[in-house]
Peer 1: 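Below is one structure. I have some questions about it.
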Amino acid sequence: MQTTEVTEETWDRLLAVAHGGKNLVADFATMGAIYAPIAAAKGSFVLAQVGQSLDGRIATLAGDARDVSGPDGLTHLHRCRALVDAVIVGVSTVIADDPRLSVRLVKGDDPVRVIVDCHGQLDGNESLFHDHGAPVLVFQSTDAPQKTLANATVIRLPSEACGLNTGMMLQALAERGLHRILVEGGARTIARFLEAGHVDRLHVSISPIIIGSGPSGINLSPIQRLCEAQRPATTVYSLGSDVLFDCCFERKPFSSLQGDGGQCDKVRVADLA
Ligand SMILES: NC(=O)c1ccc[n+]([C@@H]2O[C@H](COP(=O)([O-])OP(=O)(O)OC[C@H]3O[C@@H](n4cnc5c(N)ncnc54)[C@H](OP(=O)(O)O)[C@@H]3O)[C@@H](O)[C@H]2O)c1
């Protein structure tokens, strides 16, 4: 198992590379192999991250997920947030956790907050619409009831049999200059991106806690045989309180023009913000 030390100096260099420092070369060896690929990513890059228990749960049955990760797992999550342009969560996570999705445990800017709320379940009273934090974007289906969400930009996309097309969401974000993306959960939202082949890196951070029941970290369509299972190239790191599995995937292009395999018919983005 590898360890990674992120000194203040290393972190400053990572932030500088992430923010496009022209003459900074991403030196993976000295900048920490976990974070350098995120900071140095050029063009579209999608990191999915899940913090789970020893028994693979991300929350209790009642939806309590706040302390699944240990302190170093949480610091890791905040580092990931600080290195990306936008963080995506599903509507159930917003309803269960009322999260801020900000960077508080490390130095760095807050990412734009993106919520997948296909059917327009949010009522606008959720904290992130009123906390004067980073901008909020909400993806909804064009079939969802039209509601005003204060302090948010609503992007309406045609809904497909499998919901909102993750490639179209990534494209809509890229059009707004948001290229480096963290998909933070929950399980169903991460699964949508994984099944579409739209994840470059998956970080599974495991904390020594046993929850016993509750939702699992990643919920993909069933397979019959283990030979059909995905086996990404993986490096294991000790974060301190938690263990990180850093999994590398081969990303499919997200553009609806480039063929989106795994997702439904291609349609155009309708931005009614
Ligand atoms: N430990 C962690 O790292 C962590 C992180 C985040 C959240 N959580 C916990 O996870 C739980 C919530 O997870 P979850 O899996 O139930 O919910 P979720 O992923 O937060 O949200 C699921 C909802 O979003 C919709 N959705 C997601 N992607 C979509 C797409 N591409 N198109 C259309 N709809 C889409 C789903 O639709 P469908 O119903 O059609 O699938 C569903 O309604 C909460 O308890 C939260 O506390 C834990």
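Just so it is clear, the values below take in all heavy atoms, side chains as well, and ignore hydrogens, waters and symmetry mates. Whatever order the structure lists them in is the order used to number ligands and atoms, beginning at 1.
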Peer 1: Compare Asp98, Thr166, Val116, Val91 and give the one whose heavy atom is closest to atom 29 (C) of ligand 1.
Peer 2: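 Going through Asp98, Thr166, Val116, Val91 one by one, Val116 has the nearest heavy atom to atom 29 (C) of ligand 1.
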Peer 1: Between His203 and Asp246, do the side chains contain an N or O donor and an N or O acceptor separated by less than 3.5 Å?
Peer 2: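 There is such a pair (donor and acceptor under 3.5 Å, judged by atom type) between the side chains of His203 and Asp246.
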Peer 1: Tell me which one of Leu77, Val46, Val114 satisfies side-chain contact (heavy atoms from CB on, under 4.5 Å) with Leu182.
Peer 2: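 Testing each of Leu77, Val46, Val114 against Leu182, the sole residue satisfying side-chain contact (heavy atoms from CB on, under 4.5 Å) is Leu77.
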Peer 1: Nearest to atom 27 (C) of ligand 1, what protein heavy atom do you find, and at what distance?
Peer 2: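 Atom 27 (C) of ligand 1 sits closest to the protein heavy atom Thr189 OG1, 3.2 Å.
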Peer 1: Which of the atoms of ligand 1 are close to Ala59, meaning less than 4.0 Å from one of its heavy atoms?
Peer 2: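 Going through ligand 1 atom by atom, the ones under 4.0 Å from Ala59 are 45 (O).
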Peer 1: Do me a favour and list the nearest non-hydrogen protein atom to atom 20 (O) of ligand 1 with residue, atom name and distance?
Peer 2: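 The closest heavy atom on the protein side is Thr93 OG1, 2.6 Å.
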Peer 1: Closer than 4.0 angstrom: is that true for some heavy atom of Gln52 and an atom of ligand 1?
Peer 2: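 It does not, in that no heavy atom of Gln52 comes within the 4.0 Å cut-off of ligand 1.
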Peer 1: Please could you name the atoms of ligand 1 that Cys118 approaches to less than 4.0 Å, counting only its heavy atoms?
Peer 2: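 Answer for ligand 1: 33 (C), 34 (N).
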Peer 1: In the protein, what heavy atom is nearest to atom 10 (O) of ligand 1, and what distance, to one decimal place, separates them?
Peer 2: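 Here the closest protein heavy atom is Ile58 CD1, 3.2 Å.
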Peer 1: For ligand 1, which atoms sit closer than 4.0 Å to a heavy atom of Gly63?
Peer 2: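 Answer for ligand 1: 45 (O), 47 (O).
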Peer 1: Could you tell me the separation between the OH atom of Tyr35 and the CG atom of Leu83, rounded to the nearest 0.5 Å?
Peer 2: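 The distance works out to 8.5 Å.
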Peer 1: Using a 4.0 Å cutoff against the non-hydrogen atoms of Gly90, which atoms of ligand 1 qualify?
Peer 2: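 Result: 18 (P), 20 (O), 21 (O).
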Peer 1: State whether the number of non-hydrogen atoms from other residues, nucleotides or ligands found under 6.0 Å of Asp67 atom CG is greater than 12.
Peer 2: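 It does not: Asp67 CG has 12 such atoms or fewer within range.
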Peer 1: Would you give the length of the straight line joining atom SG of Cys118 to atom CG of Leu157, rounded to the nearest 0.5 angstrom?
Peer 2: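 Rounded to the nearest 0.5 Å, the SG-CG separation comes out at 9.0 Å.
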Peer 1: For atom 15 (O) of ligand 1, tell me which residue out of Gln140, Arg188, Arg192, His198 has the closest non-hydrogen atom.
Peer 2: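 Among Gln140, Arg188, Arg192, His198, the closest heavy atom to atom 15 (O) of ligand 1 comes from Arg188.
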Peer 1: Salt bridge check, Glu184 against Arg81: does any charged N sit closer than 4.0 Å to a carboxylate O?
Peer 2: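 Glu184 and Arg81: salt-bridged.
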Peer 1: Out of all atoms in ligand 1, which are within 4.0 Å of some heavy atom of Glu184? Include the element for each.
Peer 2: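 Per the distance check, 5 (C), 6 (C).
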Peer 1: State the atoms of ligand 1, each with its element, that fall below the 4.0 Å cut-off from a heavy-atom position in Met169.
Peer 2: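 Near Met169, the atoms of ligand 1 are 31 (N).
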Peer 1: Should the pair Asp110-Arg100 be classified as a salt bridge under the 4.0 Å nitrogen-to-oxygen rule?
Peer 2: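 No salt bridge links Asp110 with Arg100.
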Peer 1: Would you find more than 12 non-hydrogen atoms of other residues, nucleotides or ligands less than 6.0 Å from Glu228 atom CD?
Peer 2: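 Count over threshold, so yes.
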Peer 1: Give the residue, atom name and distance (to 0.1 Å) of the protein heavy atom nearest atom 3 (O) of ligand 1.
Peer 2: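 For atom 3 (O) of ligand 1, the nearest protein heavy atom is Gly51 N, 2.9 Å.
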Peer 1: Counting only heavy atoms, which portion of Ser92 has something under 4.0 Å from ligand 1: side chain, backbone, both, or neither?
Peer 2: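 The answer is both, backbone and side chain.
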Peer 1: Regarding Ser221 and Glu195, do their side chains bring together a donor and an acceptor under 3.5 Å, going by distance alone?
Peer 2: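 Ser221 vs Glu195: donor-acceptor pair found between side chains.
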Peer 1: With atom 44 (C) of ligand 1 as the reference point, say which of Ala96, Ser69, Gly163 has the nearest heavy atom.
Peer 2: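 Looking at heavy atoms only, the winner is Ala96.
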Peer 1: Which residue and non-hydrogen atom of the protein lie closest to atom 31 (N) of ligand 1, and at what distance in Å?
Peer 2: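 Here the closest protein heavy atom is Leu164 O, 2.9 Å.
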Peer 1: Any donor-acceptor pair under 3.5 Å linking the side chain of His130 with the backbone of Gly124?
Peer 2: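 Answer holds: yes.
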Peer 1: If we set the cut-off at 4.0 Å for heavy atoms, which region of Asp97 has an atom near ligand 1: side chain, backbone, both, or neither?
Peer 2: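 Side chain only.
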Peer 1: Does the protein put a heavy atom less than 4.0 Å from atom 7 (C) of ligand 1?
Peer 2: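 Within 4.0 Å: yes, protein heavy atom nearby.
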Peer 1: Ignoring angles and geometry beyond distance, decide whether Ala187 reaches within less than 3.5 Å of ligand 1 through its nitrogen or oxygen atoms.
Peer 2: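 Min N/O separation from ligand 1 is below 3.5 Å for Ala187.
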Peer 1: Among all protein non-hydrogen atoms, which one is nearest to atom 13 (O) of ligand 1, and what is the separation to 0.1 Å?
Peer 2: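 Protein heavy atom at minimum distance: Gly186 CA, 3.4 Å.
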Peer 1: Do you see a donor-acceptor pair shorter than 3.5 Å between the side chains of His76 and Tyr237?
Peer 2: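 No, no side-chain donor-acceptor contact under 3.5 Å.
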Peer 1: Hey, are Arg113 and Asp131 close enough for a salt bridge, meaning a charged N less than 4.0 Å from a carboxylate O?
Peer 2: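 Salt bridge between Arg113 and Asp131, a charged N being under 4.0 Å from a carboxylate O: yes.
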